[in-house]
Amino acid sequence: MIKLLEKARYYSFWFIDFLKGGKVKNHFNDIKFILENFDTDESKKRRSNYQIKLLEHAVDTVPFYEAYKGFTCLSEFPIVNKLILRENLENFISVSYKNKPNFEVSTSGSTGTPLLVYQDINKKQRNTADTLYFGEKAGYKIGQKLFYFRAWGGILNKSVLASFLQNVKTVNVKNLDKESIRKLIHNITTGNSTKAFIGYTSSFREICKYLDSINSGPIKANISSMIANAEPLGEPTKNAVKKYFDFDILSRYSNMENGILSQQMKNEGSNFHINWASFFIEILDLEKNEPVSHGTLGRVVVTDLFNYSMPIIRYDTGDLAVINIDRNYFNGAPSFFKVEGRRMDTIYDTRGNIMTTVVYELEYFPEFKQSQLIQEGEKVYLVKINIEGKFKQEEKLINMLKKYLGEDAIVRIEYVNEIPQLSSGKMKLTINKYNP
């Protein structure tokens, strides 16, 4: 009976799309073809045409880009960022879309004031198709019971009808305490439905910490997919999920203003498959607006190929990544070897080298309820710890951090009752108050 309901939901979704003209299905097939035939002439042609059409539309209808008429290539367009978009919002809106149906999308404002972006209906349909394609590549099909962890509320709330039809169980991370996790585990282990999970990395971490605290054995559930997003996924959390759920959790890199930029795929290595079907992505030097060679850490700069209401061209996301090619996966397409956090949250060692993974070492102290690493100066670091009782491994923690940050690092520890969440429901693992 359960499987029949899942199939009914799956076919109902595509039937409704068919009645509306099959727009999402057409996008889905296009994404699938482009990504799975990356090196073919047809795939290259489609990607090139999408880019040219977008740029021509931008210079013809978007005030900010009028000065770039007569362009010959993408690199002639300026780099923009969240501040530029926010301060010039009206100049980024296409005059030909102002009176058409548009959808407002707002970023969380984790790094400051939220950014408002307008998307047209075709872009919204493309995002839906992206979500379904990358979901399927992670093992999920629409209709399966999906536990969705994020900060719900306001325009992000799903209606009761939408949640039922899509079989989505929304879990508000702002209310993820021990009792709610206990009920969640009961829900997960009850019934024979196929279950999928997506949400903040910190949600999976908190669930595993709770299971640690009750000395839980393995959780038996019929799981098809687990995707962590919005926050970097460290090895300790991956290992904990594997221990309790016997499942290899995957990581997704996306943002509100654009959509799914890349994702790890089931049985396709640890690299992130870039969504070349819907975006053109550049990796630029940390200081100059010049491309870096493969294997070099740089800034992630995105051109959204499908948002015609508010074209976003060469958008510096503020994130860092390393791009590379592994011929064994992704049909030879360049992929992200590493996707790091936001540049403004990056920790540097005492010699000025970027240390993107050191904060995950704090996860090896399971007694921490919360922890946060802050760089206060060139060689000065603060670790905030929320813990019950007394922490007896201060010296071990300091020596461990010095091993990564430098023996001349000055590390101090501060005990706090709580490390507040951001309005988005996320919690910053790192903060950099020092800019080298």
Side-chain angles (χ1 to χ4, degrees), residues 13-14 16-28 30-31 50 53-55 57-58 60-65 80-82 84-110 113-135 142 146 148 150-166 168 170 198-199 229-230 252-261 275 277-280 302-313 315 317 423-425:
F13 175 88
W14 288 118
I16 292 170
D17 178 61
F18 170 77
L19 294 178
K20 294 180 178 179
K23 301 293 180 62
V24 175
K25 188 66 173 180
N26 290 338
H27 278 301
F28 182 92
D30 183 61
I31 294 161
Y50 288 145
K53 284 177 63 178
L54 175 87
L55 298 181
H57 167 76
D60 288 340
T61 71
V62 179
F64 184 87
Y65 291 114
V80 300
N81 55 31
K82 188 174 288 190
I84 293 172
L85 291 175
R86 192 164 55 232
E87 292 185 348
N88 299 275
L89 180 62
E90 285 298 316
N91 287 329
F92 278 98
I93 299 173
S94 169
V95 295
S96 63
Y97 276 77
K98 280 196 172 181
N99 296 320
K100 294 182 180 180
N102 291 299
F103 301 87
E104 291 185 2
V105 176
S106 180
T107 64
S108 65
S110 297
T113 307
L115 168 66
L116 181 66
V117 171
Y118 293 97
Q119 296 179 348
D120 57 85
I121 191 167
N122 188 58
K123 166 63 179 176
K124 191 171 187 296
Q125 291 163 343
R126 187 72 175 195
N127 274 354
T128 299
D130 280 333
T131 301
L132 294 175
Y133 175 80
F134 281 90
I142 195 164
L146 177 65
Y148 198 159
R150 64 161 302 139
W152 293 100
I155 62 172
L156 288 173
N157 268 344
K158 279 187 173 290
S159 69
V160 174
L161 179 60
S163 294
F164 172 77
L165 291 175
Q166 297 173 22
V168 175
T170 60
I198 185 169
N229 65 7
R252 173 181 289 175
Y253 171 41
S254 61
N255 61 31
M256 290 292 292
E257 55 267 44
N258 299 125
I260 299 176
L261 301 175
N275 187 3
S278 300
F279 305 97
F280 182 79
V302 174
T303 296
D304 188 329
L305 302 177
F306 283 86
N307 190 358
Y308 277 52
S309 176
M310 184 177 167
I312 297 178
I313 300 168
Y315 170 58
T317 62
S423 59
S424 62

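Everything numeric here is computed off the predicted structure, so don't read it as measured data. Sequential numbering from 1 along the given sequence is applied to the chain's residues.
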- Item | Donor-acceptor side-chain pairing of Y50 and D30 below 3.5 angstrom | yes
- Quick one: pull up OG1 in T170 and OH in Y148 and give me the separation to the nearest 0.5 Å. 10.5 Å
- Does the side chain of V80 reach to within under 4.5 Å of the side chain of I313, using non-hydrogen atoms? no
- Work out which heavy atom in Y308 is nearest to a heavy atom in S94; give both atom names and the distance. O-CB, 3.3 Å
- Message: I'd like to know if the side chain of K123 and the backbone of N258 have a donor-acceptor N/O pair within less than 3.5 Å.
- Response: yes
- Note on the structure: So CG of L132 and CZ of F28: to nearest 0.5 Å the spacing works out to 6.5 Å
- Item | Nearest heavy-atom neighbours spanning V117 and E257 | CG2-CB, 3.8 Å
- To the nearest 0.5 Å, how far apart are CG in L54 and CZ in F280? 12.5 Å
- For D120, enumerate each residue passing the salt bridge (Lys or Arg N to Asp or Glu O under 4.0 Å) test, keeping only those at least two apart in sequence or located in another chain. none
- Task: Check ring-ring contact (aromatic ring centres under 6.0 Å, His included) between F92 and all other residues, then give those that pass, not counting sequence neighbours.
- Result: F64, Y65
- Using a distance-only test with no angle check, is there a side-chain donor-acceptor pair under 3.5 angstrom linking N122 and H27? yes
- What do you reckon, is CZ of F103 surrounded by more than 12 foreign heavy atoms closer than 6.0 Å? yes
- Residues passing the ring-ring contact (aromatic ring centres under 6.0 Å, His included) test with F279, sequence neighbours excluded, are none
- Are F306 and D130 side-chain neighbours, meaning at least one heavy-atom pair lies under 4.5 Å? no
- Message: Can you tell me how far apart CG (N91) and CG (L85) are? Round to the nearest 0.5 Å.
- Response: 11.0 Å
- Task: For S278 and R126, work out which heavy atoms get closest and say how close.
- Result: OG-NE, 2.9 Å
- Report the distance from atom CD1 of I198 to atom OG1 of T131, rounding to the nearest 0.5 Å. 7.5 Å
- Task: Would you check if the side chain of D304 reaches a backbone N or O of V302 as a donor-acceptor pair within less than 3.5 Å?
- Result: no
- Non-hydrogen side-chain atoms of L89 and Y118 separated by less than 4.5 Å: yes
- Query: Looking only at heavy atoms, which two atoms of M310 and L116 are closest? And how far apart?
  - Reply: CE-O, 4.0 Å
- Query: Quick one: side-chain hydrogen bond (donor to acceptor under 3.5 Å, both in side chains) partners of T303, sequence neighbours excluded?
  - Reply: none
- Message: Between K23 and I121, is there a side-chain heavy-atom distance shorter than 4.5 Å?
- Response: no
- Query: Is there a donor-acceptor pair closer than 3.5 Å between any side-chain N or O of N307 and the backbone N or O of I312?
  - Reply: no
- Give, for atom CG of N229 and atom OH of Y253, the distance between the pair rounded to the nearest 0.5 Å. 12.5 Å
- Query: Can you list the residues that meet the side-chain contact (heavy atoms from CB on, under 4.5 Å) rule with K25, with sequence neighbours excluded?
  - Reply: W14, D17, N29
- Query: So do the side chains of K53 and L305 get within less than 4.5 Å of each other, counting heavy atoms only?
  - Reply: no
- Message: Any non-hydrogen side-chain atom of L261 less than 4.5 Å from a side-chain atom of N275?
- Response: no
- Note on the structure: Contacts of E90 meeting salt bridge (Lys or Arg N to Asp or Glu O under 4.0 Å) (sequence neighbours excluded), chain-then-number -> K98
